[in-house]
Every structure is written in C-alpha cells, then in structure tokens.
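Notes follow once the structure below has been shown.
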Amino acid sequence: MNDGMTEKDLLSGLNAPQKAAVEQVSGPVLILAGPGSGKTRVIAHRVAYLIRVIGISPQHILAVTFTNKAAREMKARVAGLASGSVTNLTLGTFHAICTRILRQEAKTLGISPQFVIYDDDDQTSVIKRSLQEINLDPKQYPPRSIASAISAAKSRMLGYQDYLQSTRSYFEEIVGRVYERYQKLLASSNALDFDDLLLNVIELFRTHTEVLKKYQNRYQHVMVDEFQDTNLVQYEIVKQISGKHRNLCVVGDPDQSIYSWRSADLRNILNFERDYPDAKVIMLEQNYRSTGTILEAAASVIKANRQRKPKDLWTKNERGSPVIVVETYDEQEEARFVASEVDRLVDSVKVKLGDCAVMYRTNAQSRALEETFIRYGTPYNLVAGTRFYERREVKDLISYLRFIQNPADSVSLLRIINVPVRGIGQKSLEYLKSLAQEKGVTEYEALHIISSGEAGDGTTTALRRSISAFVNLTKELISFSKEKDLLQLFDAIIERIGYQKYLKGESGDEERWENVRELRGVAESYRDYPPREGLSAFLEGVALVSDVDNLEEIPEKVTLITLHQAKGLEFPAVFIVGLEEGLLPHIKSFDDPGQMEEERRLFYVGITRAKRYLYIVHAFRRSTIGSRGASTASRFLGDLPPHLVQGTAKSTASSSSHTIYVWNRPIQAPTPEPAQTVIQFSEGDKVRHVQFGEGIVVSLKPFNGDFEAVVAFKGTIKKLMLSFARLEKVG
DNA sequence: GCCTCTGGATTTTTT
DNA sequence: ATCCAGAGGC
C-alpha cells in the first residue's frame, strides 16, 4: 500500500478550502458549506483520508447524517474511496445510532432491549389515553399540540418532573400532567418515542461514566452533517462522545436551517465556536451545482434575511438561462404548465423526466399535480403523500409484529385485539385497562387473567371465550416467531387472522392488499436473519425510515417532493410551485419575523436545488378545503433581481409592495380530442402507451366530458384520461 | 357489540 | 373535499 499515492488521490480535484477541510483531521473543525459546494464530497474524502492516510481504523469513526439515505450513499462513497472494508464504520442518523447504543446498553440502563419505538401516531394515541385517564377533554386540549409541547420540553432536556416545576401557564400545567402520565404509559409499554431515543443516551452517558468512556475511546473521530438542523439534545450527545479526543468536525449552513419547528437550534453553530474556541473554521463558498443566474437569484433572496452572516457564494459555471416566473390561473393550470413544460424540456434540451423535480410547501399541494400528471400520462415519483408506514393496513400488520416482539406494547395490543373483529369492543377494553391498572400488570397479562377465569365478575362467558381465543392466537404466534424467519412469521399472521378476507369489502381493498404485498417484500429482505433478530431489525428499520430514504432516482419519472424533503438533493430542472402569500411564506409564519426568515430559507433551499433550469410558479386563485379564493403573489418573488427573471413587469398588490415579474407566455393547455375519436376502446382491449408499454383496458367511465380508463400494464395499474394519454389500440 | 349516518373539524414542514 | 368522532339503530 502506497500512502503517498493514496493521499494524492484523495486530495486531487479538491479546491483549497476543501483540501484544508479534509486534511484538518485533529481538533474541532467547523465547516460552513454553501449549497452545492461539494460538502458531501468533502465528508466522504475526509473519512477515507482518515482511514487510508492517517491509518484510523473505520471502527473508530462516527459519522452522523440527516437521513438514512444519505448514510447509505455516504457509506458507498467511502467504500469506493477507501477501497477497503468499511463495515465497522458507524454511519447513520442520530436516531439510528442512538437506538443501536440503547439496544446494546439496555441492561445497564435498566430497560428491556426489546423496547419498541413509538411514532407520532402511537404517540397521539398514548396522549389521548393519558388525557382520558386524568379526565381531560381532548377537544379542549388537542393531542397533537400536547405532543409537540412534550417534544419541545424533551428537546430542552426537561423530564416531566422538571417540566412540572417550571410551568408558567395553565396550558403548561396541563401539558405537565399529561406528560407525566404519558411517560409512565410509555415505560409500562416498554416503549420509547423519538425524543426518548436521544435523551436516554444522554442519561446513560451521564449516569454511567464507564459506558461513556467506552464510546469515547471507541469514537476517536466524530463528524456531523447538516449541523444547522441539530437540536440541543443532539449537540449534547456529540459533545459527550467526542469529549475525550475532541476530534469533532461539524458541517452545516445556517442559511439552510429549516427545522426550527422540530427544535433544531441554530445556536448550535454559534455555541460550537464558544464551546470550542480553538475550532478551525473553514468556509466552502465555491458552488459547483448551479448556473450563475440561479446562484445569483438565490443569493439575493437570502440576502433579505436580517439574521445571518453574509457569505460570498461564487461559481465558475456558465450564466445559463433566466429564472422563469409564471402566474397561472389556478392550481390546475399550474399543474398543466409544469407537465407541459417538462415535456417541452424533454423534447428540446435533452433533459430526462428524472432530471425534473416539482417542489412545494405543503403535502396537500401534491394532489393537483398528481391528478394532472395522471391525465397527461407523465410518470411521477411522489415522495410521501400519505406515508406508506402510516397506512392502516400496514400499521395493523406492523402492530402484530411489534406486539409479538414486545407483548407489553399496549398501543399495538389495543390496535390489533379487535382486528379483524373478534367481539372485543370498547366496553371490554375499558374493563381490560382497569383490570390491568388495578392489578398493576400489563394488558397482555390481564388478558391471561381473564382467559383463565380468575378475573371474577365483570366478564361474560362470551367475552372470556373471545379473549381465550385471542390469547391462544398470540401464544401461537409468539412461539412461532422463535423458530421461523420473519417472512414465514409474516405469512403466518396473515393466514391465521384471515387478513386478506378481512380486507375484502373494505374500501380500496385492492390497493390495501397491494400495500400488504409491498410490506411483505420489505419483510422478505430480513428472511436470512435468525428468527428473533430478523423481527427486531425489521421493526427498527420500519420505525426509523423516512420518506426520502425510499426515494430512488428513477430516470423516467418526475419527482414530486416537499421543500423540506428536497434538502440535500439536486436536479437539473426545478419547479417551485405555490409561491403565494399564505403558502410560501406559510400563513403560520406571518406574525413571527423569525419564522418568516425560516420560510425564506426554505425558498432558498428550493432555489439552490436547481442546476440549470429554475421555474417559479404561482396561481391567481387556489382552492383550499371547501372554497376557492384569490391568492396574492408571494413577497419572496420581489427578492428576485429583475434582470435574472424572464417575464414582463406586472405590478400586484403584494403585501411588501414589490414589483412582481410575470412571464406572460400563454399557457398551451392541451385541447381534448373530440369524443368520437376518444371512445375507440372498450373494456378488455389491448392497448399500448408510450411510457408504460402494453396493457389491457380494465374499465372505462365518463369523466368531465372525457373518459377515464383504468389500464393494467405489466407490473402496474394506471388511471389515464383518454384524451391526454396517447393510447394506441394493439392487435 | 357493531354498523351506519351525520356533523364538525381540518392542512406546515418530519426523524 | 375528506376524514373522524359520536350518536343512534340493529
């Protein structure tokens, strides 16, 4: 092995500050990295450099990323650069890393290593139950707001005792009481919420110095990406782990901080320089991603924020085309504009569908886009929507699995006990809960008491019979789980509870069953694990995935994504839609200048995702919920320098009284074909579609003066509008 | 105990 | 427009 060669390879092609960032391997380092400045590249090279040049074993390196996807990609990249085994490298999100530590050290902390992770959905049901138990009306105290108050408290490292002592309002008083109950319910369910995963690690390190020392010795080098979006708890964990060696490198960009609502705290970057006065600060300001025009537009948008340090971004890239700002009539036309412009780009400038992304502020906006894309037959990839793991059928099955792994999990138990219907209803559940509470046991243990007939009054023979049957079922599944792999267990559950039959007759049963199949596919990848381990690895994966983690770059699909999710990604062509007052900036930020600046950063993040083409679209009217109303163009449009924008000036009544530039090119809405030519198909016909290939027409029905066809293609079933989807009859 | 109907609320972003 | 919770009927 020639270290000299390796070193040269790892540094070649890096600019001066990038090189400095890679070579500065000891002590605290703060890298302030503008968008597109090769940040990911620097981190990957730095890790590889540590391994190959400095000779640090991968097991002594810890790197934290924002998403699992980023972790996967980073690992692959480092493996390529370091040309060796990186299996011992610790690389993941804070949550994933903390979960691993907690499973390892559960005994020390006095919790069961079988703990389950509760997501917001589970969290909400525990809060509802807590409210019920202390006789509070969920109407008056919305569980979601209580949940976020509790989460905020946890992010400030306040346990319920601390919180109860520091309450300053009636609402906080209530939150404190719910918090206490909530936390006790979690404990008895042997469950942790997302915040607990982090807090328990801090607690572990605080109370067990020998454990902390172990990790401090192991992790000689620590790196954290997206540092601007970490919260105080995460900062504390990093500080603890890197406490001995002090080789801590954090990378971030204050201008891209968009998670303050999740308690991310920009002060972490400022605190960093205070806590580590000897920190070396490196600025990455050369942008390799975007055209000069896009970069300049981004810079002048972000410049409007008061609370920031100025930064000089520059690029050697060409100027490129102007930013195109378009006003459409409504959200339908907005979607049509995007779809037709995507088509035009594909035809005229060698851009693939996969190079295009549509970004929006709220998930609800994806709907109009989806509908139009379906009509056009434009293939798209929606990141999120209703998240897969939040679908009812998926949650049902996951609850069965979670319950098998940890029968103390009362949220899961209460969810599955009557799915499919077994005659154990509300009344019985009340009784069950009170019995459990009275005896000081879990609900699962209470079930055994009832089924064995030791419960006494309050039970009927019918109830005892139903409960005995359920208890037998769970016993059977639990012992099955100890012998068989995850896939066999999954199939056994479906089979034993008759889930397919249960779904039949539900609305949207086909799609639901399809989701079950998809979940089975996920389970399949864990089939080679030993019985119980497969189960727990699967559940952990499921609990900690995010939607972006599953985003694949499919060359022939347009990406639909929220601005938040788009962070860290890049696309040759970007459409930012819904640039209207109330949407972007969102109405919730109107009365808080700090929030308003965050909205602007969000817009900035969107702009800087674009490499070559940037479109900014707003609609004149947009329907929300029931009614439609006129919208005002976003004040942020006024931050775009006129000379970079293509369009004719048009003044609007924007709240900031800026001039808005609108590109008045007429939108060419495709005209539907006359009906006679449309209805040339009938059900059962074989047809061909440009993108999807051959398929069979499953059904046809009139729709808004057009026809909607459901066509089964190989692998997928699509709904298409006949006038737009260029279907050809085959045979 | 379960199903169906109606009225009310509901949309910000997510590990 | 759609989803959810509570009320009332079977």
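Sequence lines set the chain letters: A, B, ... in the order given, protein chains first and strands last, and positions in each chain run from 1. Here the structure is a predicted model, which means the values were calculated and not measured.
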When you check the phosphate oxygens OP1 and OP2 of [N], does a side-chain N or O of [X] lie under 4.0 Å from one of them?
{"X": "A:Gln565", "N": "B:dT13", "answer": "no"}
{"X": "A:Thr67", "N": "B:dT15", "answer": "no"}
{"X": "A:Asn363", "N": "B:dT13", "answer": "yes"}
{"X": "A:Asn231", "N": "B:dT15", "answer": "no"}
{"X": "A:Arg367", "N": "C:dT2", "answer": "yes"}

In whole angstroms, how far is the [atom2] atom of [N] from the [atom1] atom of [X]?
{"X": "A:Lys69", "N": "B:dT15", "atom1": "NZ", "atom2": "P", "value": "13 Å"}
{"X": "A:Leu197", "N": "B:dT15", "atom1": "CG", "atom2": "P", "value": "14 Å"}
{"X": "A:Leu232", "N": "B:dT15", "atom1": "CG", "atom2": "P", "value": "20 Å"}

With sequence neighbours left out, what residues match A:Gln565 under side chain to side chain contact (heavy atoms under 4.5 Å, CB included)?
A:Val383, A:Ala384, A:Asp547, A:Val548, A:Ile561, A:Thr562
Residues forming a side chain to side chain contact (heavy atoms under 4.5 Å, CB included) with A:Arg262, sequence neighbours excluded:
A:Phe66, A:Tyr259
Tell me whether the rings of A:Trp261 and A:His564 are parallel (<30°), tilted (30 to 60°) or perpendicular (>60°).
perpendicular
Between N or O atoms, less than 3.5 Å apart, protein on one side and nucleotides 5-8 of chain C on the other: list the pairs.
from	atom 1	to	atom 2	distance (Å)
C:dA5	OP1	A:Lys128	NZ	3.4

Interatomic distance at P, B:dT13 relative to C:dC4, whole Å
16 Å
Steps toward salt bridge (charged side-chain N to carboxylate O under 4.0 Å, His left out) verdict (A:Glu443, A:Lys433)
CA-CA 6 Å; A:Glu443 276 94 19; A:Lys433 283 190 237 174; over 6 Å; no
5' precedence on DNA chain B between A:Ala364 and A:Tyr259 (nearest-nucleotide basis)
A:Ala364
The residue, A:Phe66 or A:Ser589, whose nearest nucleotide of DNA chain B is more 5′ is A:Ser589
With a non-hydrogen cut-off below 4.0 angstrom, is A:Asp195 in contact with a base, only sugar-phosphate, or nothing?
nothing
Nucleotide N/O to protein N/O under 3.5 Å, stretch nucleotides 1-4 of chain B:
from	atom 1	to	atom 2	distance (Å)
B:dG1	OP2	A:Gly425	N	3.1
B:dG1	OP2	A:Ser428	OG	3.0
B:dC2	OP1	A:Gly423	N	3.2

Can you list everything that forms a ring pair (Phe, Tyr, Trp, His ring centres under 6.0 Å) with A:Tyr526? Sequence neighbours excluded, please.
A:Tyr529, A:Phe538
Verify the stacking flag for A:Trp261 against B:dT13: centroid separation must be under 5.5 angstrom and the ring planes must differ by under 30 degrees.
yes
Whether the A:Thr230 and A:Asn268 side chains hold a donor-acceptor pair (N or O, under 3.5 Å, no angle test) is what I'd like checked.
yes
Hey, is A:Arg367 close enough to A:Glu370 for a salt bridge, meaning N to O under 4.0 Å?
no
Hey, does A:Asp253 have a side-chain heavy atom less than 4.5 Å from the side chain of A:Pro35?
yes
Salt bridge (Lys or Arg N to Asp or Glu O under 4.0 Å) involving A:Asp255 - partner list, sequence neighbours excluded:
A:Arg308, A:Lys311
